[in-house]
Amino acid sequence: IQPTAVCGTVLNSWKVVWVVLADDAIEFYKKKTDNSPKGMIPLKGATLTSPCQDFTKRTLVFKISTAKNQDHFFQATHLEERELWVKDFKRAITCLQGGKKFARKSTRRSIRLPENVNLSELYVLMKDQDNGVKELKVEKDKRLFNHCFMGNTVIDWLISEGKARNRPEGLMLATGLLNEGFLLPAGDVSKDGAEKGAECVFLDQTEALYYFADSGFFCEGYSSDEDVIMKEEFRGAIVKQGCLLKQGHRRKNWKVRKFILRDDPAYIHYYDPTKGEDDPLGSIHLRGSVVTAVEYVPDAKRQEVDGNLFEIITSDEIHYYLQAATADERNDWIKAIQSVAKTGK
């Protein structure tokens, strides 16, 4: 069972749901803590289509068609997530065709986790604000990781709280939490460890970063005061420029920014429109990025912003939320950014 948050269509509207791949079906819940699913999609005799082109304004969509010809659509948050889901769904469907039940990997069997260990209770204790693992801001490779912690910190906490007698035991428990989706990898080191398929995928290292599945984790590009934006970024011809509302990463407030899109190299810079274009507030490298229309922003209050929203997800999985003045303007920006992201350096 491997849960994650993806989107599905219900009455033709897109909603965020918690999805669990069981041995012969897909179950989806309104939220992770719910005991009973809102629905179930049987996988026996089903077919999978990925990528799915049924929604021209949405990327990262895939489709499950059941044996009774019912179509169910899902949208992942980034390319790697979609590929992981598609891989497991295909394996599950193939197993059922051969008369077998699909088992992704038994966490308890693969790491010899004792039956009396309750990972859900352990996760609640770990998240305790006073006595749990402390969430930090960590700067690494010119990126700022918010609400995360280091792998060795988790092992230290498990030992100090008497949950593990030594580091190998702590590593076993942390791996269980990771495999069950309670902890998630942040950054290249921990992601590489999780994807290698080794027996212990959790890394007891300072360099390996992780975060709680239902925390406020986000990653953003970071430049120190000493860094100078390379003039190379400004070499490309201007493709499009104009004002958009942009959500701030830290305070989540919305401000009007002037955006200038250049094609080669592929960058979009944003500025304070009251201060001219000499000193950009930031830049987004668009090569390999994904841009798509969205109906809402997770951290925004409905009265703060509504309609004509779109999202840029960079190749480093940094999310930027923007709002255009009209639907046509949003479509123009999305087309322009998509074009630059494909062709620019």
Side-chain angles (χ1 to χ4, degrees), residues 137-147 216-341 343-345:
K137 281 187 178 181
V138 179
E139 178 191 343
K140 185 175 175 58
D141 299 328
K142 291 190 178 180
R143 296 160 72 190
L144 193 62
F145 296 89
N146 299 265
H147 299 283
F217 170 81
F218 66 93
C219 172
E220 59 188 316
Y222 176 83
S223 296
S224 67
D225 293 337
E226 291 77 26
D227 286 337
V228 177
I229 296 178
M230 298 295 290
K231 291 184 179 179
E232 176 82 4
E233 294 182 10
F234 299 92
R235 193 184 65 196
I238 294 177
V239 175
K240 185 175 177 60
Q241 57 183 310
C243 288
L244 297 164
L245 273 174
K246 175 183 176 295
Q247 186 190 47
H249 276 301
R250 289 181 176 85
R251 296 183 180 177
K252 303 297 182 184
N253 54 345
W254 292 79
K255 291 186 178 180
V256 176
R257 297 291 181 234
K258 180 175 181 180
F259 286 80
I260 297 181
L261 175 64
R262 292 179 169 86
D263 64 353
D264 189 14
Y267 276 89
I268 188 168
H269 295 88
Y270 52 95
Y271 305 78
D272 183 339
T274 65
K275 297 180 180 179
E277 298 172 11
D278 295 330
D279 188 17
L281 297 173
S283 64
I284 306 172
H285 191 196
L286 296 172
R287 179 63 175 164
S289 66
V290 173
V291 57
T292 181
V294 295
E295 300 307 317
Y296 74 101
V297 174
D299 297 309
K301 297 177 181 176
R302 188 167 294 276
Q303 63 268 26
E304 291 178 341
V305 61
D306 191 21
N308 305 319
L309 298 162
F310 63 100
E311 176 186 20
I312 299 173
I313 307 174
T314 69
S315 59
D316 293 326
E317 297 182 17
I318 302 171
H319 296 239
Y320 295 86
Y321 292 102
L322 308 168
Q323 182 188 31
T326 66
D328 287 342
E329 184 183 353
R330 175 175 71 170
N331 292 339
D332 289 345
W333 273 107
I334 289 175
K335 288 178 182 177
I337 293 171
Q338 284 176 337
S339 176
V340 166
T343 60
K345 292 180 181 177

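Side-chain atoms are counted along with the backbone in the values below, which use heavy atoms only and exclude waters and symmetry mates. None of the values given here were measured: they were computed from a predicted structure.
With rounding to the nearest 0.5 angstrom, the CG atom of D263 is 10.0 Å from the CD1 atom of I238. In this structure, I268 CD1 and Q241 CD are separated by 10.5 Å, a value rounded to the nearest 0.5 Å. Atom NZ of K246 is separated from atom CG of N253 by 9.0 Å, given to the nearest 0.5 angstrom. Put simply, CZ on F259 and CG on L281 are 9.0 Å apart, with the number rounded to the nearest 0.5 Å. Once rounded to the nearest 0.5 Å, the distance linking OG1 of T314 with CD1 of I284 reads 8.5 Å. Note that CZ of R257 and CG of L245 are 10.0 Å apart. Values are rounded to the nearest 0.5 Å.
Pairing each heavy atom of F310 with each of I334, the nearest pair is CB-CD1, 3.9 Å. Scanning all heavy atoms of the two residues, the minimum distance from A324 to L244 falls at CA-CD2, 3.7 Å. The two residues K258 and P273 come nearest to each other via the heavy atoms N-CD, 4.1 Å.
By the 4.5 Å heavy-atom criterion applied to side chains, V297 and W254 are counted as neighbours. Using a 4.5 Å cut-off on side-chain heavy atoms (C-beta onward), L322 and W333 make no contact.
Taking the six-membered ring for Trp and thresholds of 30 and 60 degrees, H269 and Y267 have nearly parallel ring planes, at less than 30 degrees apart.
A donor-acceptor distance shorter than 3.5 angstrom exists from the side chain of R330 to the backbone of L309, with no hydrogens or angles considered. The closest donor-acceptor contact from the side chain of N308 to the backbone of A327 lies under 3.5 Å. Between the side chain of Q338 and the main chain of V291, a donor-acceptor pair closer than 3.5 Å is present.
Annotation: side chain to side chain donor-acceptor pair (under 3.5 Å) contacts of Y321 (sequence neighbours excluded): E311. A search for side chain to side chain donor-acceptor pair (under 3.5 Å) contacts involving D332 returns nothing, not counting sequence neighbours.
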Determine, step by step, whether D272 and K255 satisfy the side chain to side chain contact (heavy atoms under 4.5 Å, CB included) criterion, reporting the C-alpha distance in whole Å, the side-chain angles of both residues, the deciding distance to 0.1 Å, and the verdict. CA-CA 9 Å; D272 183 339; K255 291 186 178 180; over 6 Å; no

